[in-house]
2 protein chains.
Amino acid sequence: MEQVEIFKALSNKTRLQLLEWLKDPEANFPEQKEYGYAHGVCVGQLQVKAGLTQSTISEYLSVLQRAGFVESTRVGQWTYYKRNEETFRILSQLITDSL
Amino acid sequence: MEQVEIFKALSNKTRLQLLEWLKDPEANFPEQKEYGYAHGVCVGQLQVKAGLTQSTISEYLSVLQRAGFVESTRVGQWTYYKRNEETFRILSQLITDSL
DNA sequence: AATTTATATCGGTTTTTCCCGATATGCCGA
DNA sequence: TCGGCATATCGGGAAAAACCGATATAAATT
């Protein structure tokens with residue numbers, strides 16, 4: 001992934017918001033409590049909270065995934081997304097080291 | 001400055017290139033040796049090296065300045081730009097702390 | 001097999017970004 | 001004060017991004 005693509009992924013308010021929400025699924029998505037948070041949060045919950053259409057959120061999650069900020073797990077008919085903290089650490093390091 | 005604006009400033013190949021060149025003015029802009037590097041590199045040098053028009057580079061430097069990545073100094077008819085390392089440190093910190 | 005539910009993908013409209021040429025501004029030397 | 005040089009700003013065309021609604025796919029339910 002190109003550096004510039006990484007930053008593009010972060011250049012959108014909604015996408016930043018999704019990443020922030022995913023920092024604390026329990027607090028931000030209590031509706032999902034009965035299903036657990038092991039693999040993160042499913043697309044539908046994120047979509048409702050963001051208030052944009054399903055297609056848009058799906059696309060945004062895909063952008064974040066291509067940049068490495070989230071990973072997805074398919075469970076039955078649901079796709080769960082959770083943060084990949086490693087990528088954030090690497091990015092932080094990249095900024096101090098090579099930017 | 002909004003977080004998203006910071007990342008937008010970094011979402012362009014040429015702007016990232018400018019920041020990289022400014023890390024080592026002596027190595028990347030030997031033509032400017034006789035004028036010194038105290039205040040960084042002047043717009044014209046950056047423009048020639050980038051191979052885009054003067055207006056584009058001027059605009060890009062302005063974007064980087066608004067985001068805090070560079071600062072400018074006017075000396076006679078020249079405007080010199082240099083990196084503001086503090087901003088990079090803050091951004092790196094922001095990513096580990098709040099992103 | 002048919003229906004429902006969750007997500008992904010596709011095609012299109014609007015907004016934003018990229019990058020240009022032309023022009024304005026500001027500083028300098030003749 | 002004029003002409004020239006460096007930079008900034010302005011207006012615009014082309015490309016990309018931000019969304020949307022419609023449709024496709026895939027799994028679960030009947």
Side-chain angles (χ1 to χ4, degrees), chain A residues 1-19 22 25 29 31-32 34-37 39-67 69-82, chain B residues 1-19 22 29 31-32 34-36 39-67 69-82:
Chain A
M1 197 83 189
E2 293 259 12
Q3 265 186 31
V4 66
E5 301 303 323
I6 307 273
F7 291 121
K8 276 186 189 173
L10 299 176
S11 295
N12 176 281
K13 222 159 190 169
T14 303
R15 285 195 296 266
L16 288 177
Q17 182 73 80
L18 293 172
L19 290 175
L22 288 175
F29 303 93
E31 322 84 299
Q32 199 186 291
E34 47 180 321
Y35 302 99
Y37 303 100
H39 300 106
V41 179
C42 72
V43 180
Q45 306 281 358
L46 291 161
Q47 186 254 310
V48 169
K49 188 139 182 153
L52 296 181
T53 62
Q54 188 271 320
S55 62
T56 298
I57 298 305
S58 178
E59 167 66 11
Y60 282 5
L61 288 167
S62 175
V63 168
L64 290 172
Q65 182 166 38
R66 276 196 296 277
F69 291 111
V70 299
E71 21 182 72
S72 69
T73 312
R74 182 102 201 203
V75 177
Q77 42 192 338
W78 292 275
T79 307
Y80 293 92
Y81 282 88
K82 70 171 178 188
Chain B
M1 196 85 189
E2 295 259 11
Q3 265 185 32
V4 64
E5 300 303 324
I6 307 274
F7 291 122
K8 277 185 189 175
L10 299 176
S11 296
N12 175 280
K13 222 161 190 172
T14 303
R15 287 196 295 268
L16 289 176
Q17 182 73 81
L18 292 172
L19 290 174
L22 287 174
F29 303 93
E31 322 82 299
Q32 199 186 290
E34 44 179 325
Y35 301 99
H39 299 105
V41 180
C42 72
V43 180
Q45 306 283 357
L46 291 160
Q47 186 254 309
V48 169
K49 188 139 181 153
L52 297 181
T53 63
Q54 187 271 320
S55 61
T56 298
I57 298 306
S58 179
E59 168 67 11
Y60 281 5
L61 288 167
S62 177
V63 168
L64 291 172
Q65 182 166 38
R66 277 196 296 279
F69 291 112
V70 299
E71 18 182 76
S72 69
T73 310
R74 182 102 201 201
V75 177
Q77 42 191 336
W78 292 275
T79 307
Y80 293 91
Y81 283 88
K82 71 171 178 189

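Source: prediction; values computed, not measured. Letters go in sequence order (proteins before strands), and every chain restarts at 1.
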Original post:
Using the ring of each side chain (for Trp, its six-membered ring), is A:Phe7 parallel, tilted or perpendicular to B:Phe7, with breaks at 30° and 60°?
Top reply: parallel
**OP:** Would you mind classifying the nucleic acid contact of A:Gln54 as base, sugar-phosphate or nothing, using non-hydrogen atoms under 4.0 angstrom?
**Re:** base
**OP:** Determine to 10° how strongly the helix from C:dA1-D:dT30 to C:dC27-D:dG4 is bent, judged from the axes of its five-pair ends.
**Re:** 20°
Heteroatom pairs (N/O) under 3.5 angstrom, protein to nucleotides 11-18 of chain D:
{"from": "D:dA17", "atom 1": "OP1", "to": "A:Lys8", "atom 2": "NZ", "distance (Å)": "3.3"}
{"from": "D:dA18", "atom 1": "OP1", "to": "A:Asn12", "atom 2": "ND2", "distance (Å)": "3.3"}
{"from": "D:dA18", "atom 1": "OP1", "to": "A:Arg15", "atom 2": "NH2", "distance (Å)": "3.2"}
{"from": "D:dA18", "atom 1": "OP2", "to": "A:Arg15", "atom 2": "NH1", "distance (Å)": "3.2"}

**OP:** Identify which one of A:Val41, A:Val43, A:Thr73 satisfies the side chain to side chain contact (heavy atoms under 4.5 Å, CB included) criterion when paired with A:Thr79.
**Re:** A:Val43
Original post:
Passes side-chain hydrogen bond (donor to acceptor under 3.5 Å, both in side chains), A:Gln65 versus A:Ser72? Steps please.
Top reply: CA-CA 8 Å; A:Gln65 182 166 38; A:Ser72 69; 3.1 Å; yes
**OP:** Please determine, for the side chain of B:Thr53, which listed nucleotide (D:dC19, C:dG21, C:dT7) has the closest atom?
**Re:** C:dG21
Subject >> Residue closer to the 5' end of DNA chain D, A:Ser55 versus B:Tyr80 (nearest nucleotide) >> reply: B:Tyr80
Original post:
Does the side chain of A:Gln47 come within less than 4.5 Å of A:Thr53's, by heavy atoms?
Top reply: no
Subject >> Flag if over 12 foreign heavy atoms under 6.0 Å of OH, A:Tyr37 >> reply: yes
Nucleotides 26-30 of chain D: which of its N/O atoms have a protein N/O under 3.5 Å away?
none

Original post:
Can you check whether A:Arg66 reaches A:Ser62 side chain to side chain, under 4.5 Å on heavy atoms?
Top reply: yes
**OP:** Determine the minimum heavy-atom distance between A:Lys49 and A:Phe29, stating which atoms define it.
**Re:** CD-CE2, 3.8 Å
